[in-house]
Amino acid sequence: MSNERYYSILYQYKQTRKGIGLKQSDYTIATLASHSSLQILKGAKDEGFKTIAICKRDSEHVYKTFNVADEIIVVDDFSELTTLDKQLKDQNAVLIPHGSFVTYLQMDKLMDLKTNYFGNRNILNWEVDRGQQRKWLSKASVIQPKIFKTPDDIEGPVIVKFFGAAGGKGYFLTHSREDFDRKIAQHHGKEYILQEYVVGTPVYAHFFHSPLTGELEIMGFDKRYESNVDSVGRVAAKEQVELEIETSYTIVGNMGLVVRESLLPEIYAMGERVVEASKTLDGVGLFGPFCLETVITPDLKMYVFEISARIVAGTNPYINGSPYTDLRYNEPMSTGRRIAREIKQAIEQNETEKIFK
Ligand code: ADP
């Protein structure tokens, strides 16, 4: 083979690896069938992509009925995603991460995946580490609930949270060392943090930051429906005490919400600061969908107690778009669809290296 021909083939190979010259039909959108996958797959189909759902054996049947996956790959456990890596890469799939990726896959395994991945994996590392997350939010100058270093420091209402995104399962409230000691006994050996419990209304703000245009969009808001805390009010206070009911925060679902319009400028500014601050973390920063989890007090102070650096299940009520996306788009625009649109644009503009990190 002549040198010229060799270098021409090598050049072509490198361009293809970067995605240059590939068309939308060369890509397939893939995700784990749980959390927000129905929305992601539907959005991808609406934007003209082929789709793959990686499905647990016992849920294949129901996922089929929604008709959003062109192909279903059945697994016994989501951790098998790592063994599917080669197959997905050969299909030129694009993985869309969501909450189940963080819950079911180890971070180092996620980092090693060779399949195209929408988003910045480095930033997910910051999300899963509560300490790092706090540093990031401090850089963004958002108000955060206090952290108490030891149970002896407990003062006022405190929420005890366990590590790992477990949907609030087992979290409990406490107010003193004695009360804490009694309640923690059932959670022997688990790692926890003690966080100031802010009395107010929880509001989850959904954003999308485009690395192609540099723009930040508000996608919507939700509130969560949690067991048993959201139904404690159905039992009279006297009976709550008699029955020794303790609150728990197991997430069961999400409900749509619109916020007071006058809160929007501050919410948007917080989103912008969080994106700006993320750039100092790894030089690239956060892009795509993310969520600021807040509690708003009666004097309208917004405390951010957590950030999710990927799509959240709170966007699921908006498969047909939210009141906010309705303002900007003249078509139903879910967060899942917004992701697919970003990928589509990046392919058209030969800029996939900006969105697959
Ligand atoms: P997960 O870590 O599983 O996402 P969350 O951190 O969202 O769980 O918390 C579960 C529940 O506890 C939610 O209802 C949330 O509103 C509430 N919550 C969490 N932190 C605080 C806090 N500091 N003050 C008041 N409520 C809180």
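Quick note: numbers below take in every heavy atom, side chains included, and nothing from hydrogens, waters or symmetry partners. Just follow the structure's listing: the first ligand is 1, and inside any ligand the first atom is 1. Predicted model, so just to flag it, every value in this text is computed and none were measured.
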**Message:** Would you say the ring centers of Y171 and Y197 fall short of 6.0 Å from each other?
**Reply:** no
**Prompt:** Donor-acceptor pair, Q24 side chain versus E47 backbone, under 3.5 Å?
**Reply:** yes
**Subset of ligand 1 atoms that lie under 4.0 Å from at least one heavy atom of V295** = 25 (C), 26 (N)
**Request:** May I ask you to list the atoms of ligand 1 that are less than 4.0 angstrom from any heavy atom of K161?
**Result:** 6 (O), 19 (C), 20 (N)
**Message:** On a heavy-atom basis, I'd like to know which of E226, Q144, Q195 is closest to atom 21 (C) of ligand 1.
**Reply:** Q195
**Sidechain-backbone polar pair: N316 side chain, H35 backbone, donor-acceptor under 3.5 Å** = yes
**Request:** Just let me know how E196 lines up against ligand 1, side chain, backbone, both or neither, with a heavy-atom cut-off below 4.0 Å.
**Result:** backbone
**Asked** Does the N or O separation between V198 and ligand 1 drop below 3.5 Å for any pair?
**Response** yes
**Asked** When you measure from atom 1 (P) of ligand 1 to each heavy atom in Y171, F162, Y249, which option holds the nearest one?
**Response** Y171
**Asked** Near E293, which atoms of ligand 1 are under 4.0 Å from a heavy atom of that residue?
**Response** 7 (O)
**Prompt:** Distance-only, no hydrogens or angles: does the S308 side chain make a donor-acceptor pair with backbone N or O of V312 under 3.5 Å?
**Reply:** no
**Asked** Mind checking whether F162 and H187 have ring centres under 6.0 Å apart?
**Response** yes
**Message:** Determine whether the aromatic ring centres of residues Y249 and F172 are separated by less than 6.0 angstrom.
**Reply:** no
**Request:** Please identify which atoms of ligand 1 are closer than 4.0 Å to at least one heavy atom of P145.
**Result:** 23 (N)
**Request:** Can you figure out which of Y225, Y204, Y303 has its heavy atom closest to atom 15 (C) of ligand 1?
**Result:** Y204
**Complete:** Restricting to heavy atoms, the pick from R224, E306, K223 nearest atom 6 (O) of ligand 1 would be E306
**Request:** Over all heavy atoms of both residues, which pair between C291 and H206 is shortest? Give the atoms and the distance, please.
**Result:** SG-CD2, 4.0 Å
**Request:** Verify the ring-centre separation between F207 and F290: is it less than 6.0 angstrom?
**Result:** yes
**Request:** Considering the heavy atoms of P202, write down every atom of ligand 1 situated less than 4.0 Å from one of them.
**Result:** 16 (O)
**Asked** Quick check: does Y197 get an N/O under 3.5 Å from an N/O on ligand 1?
**Response** no
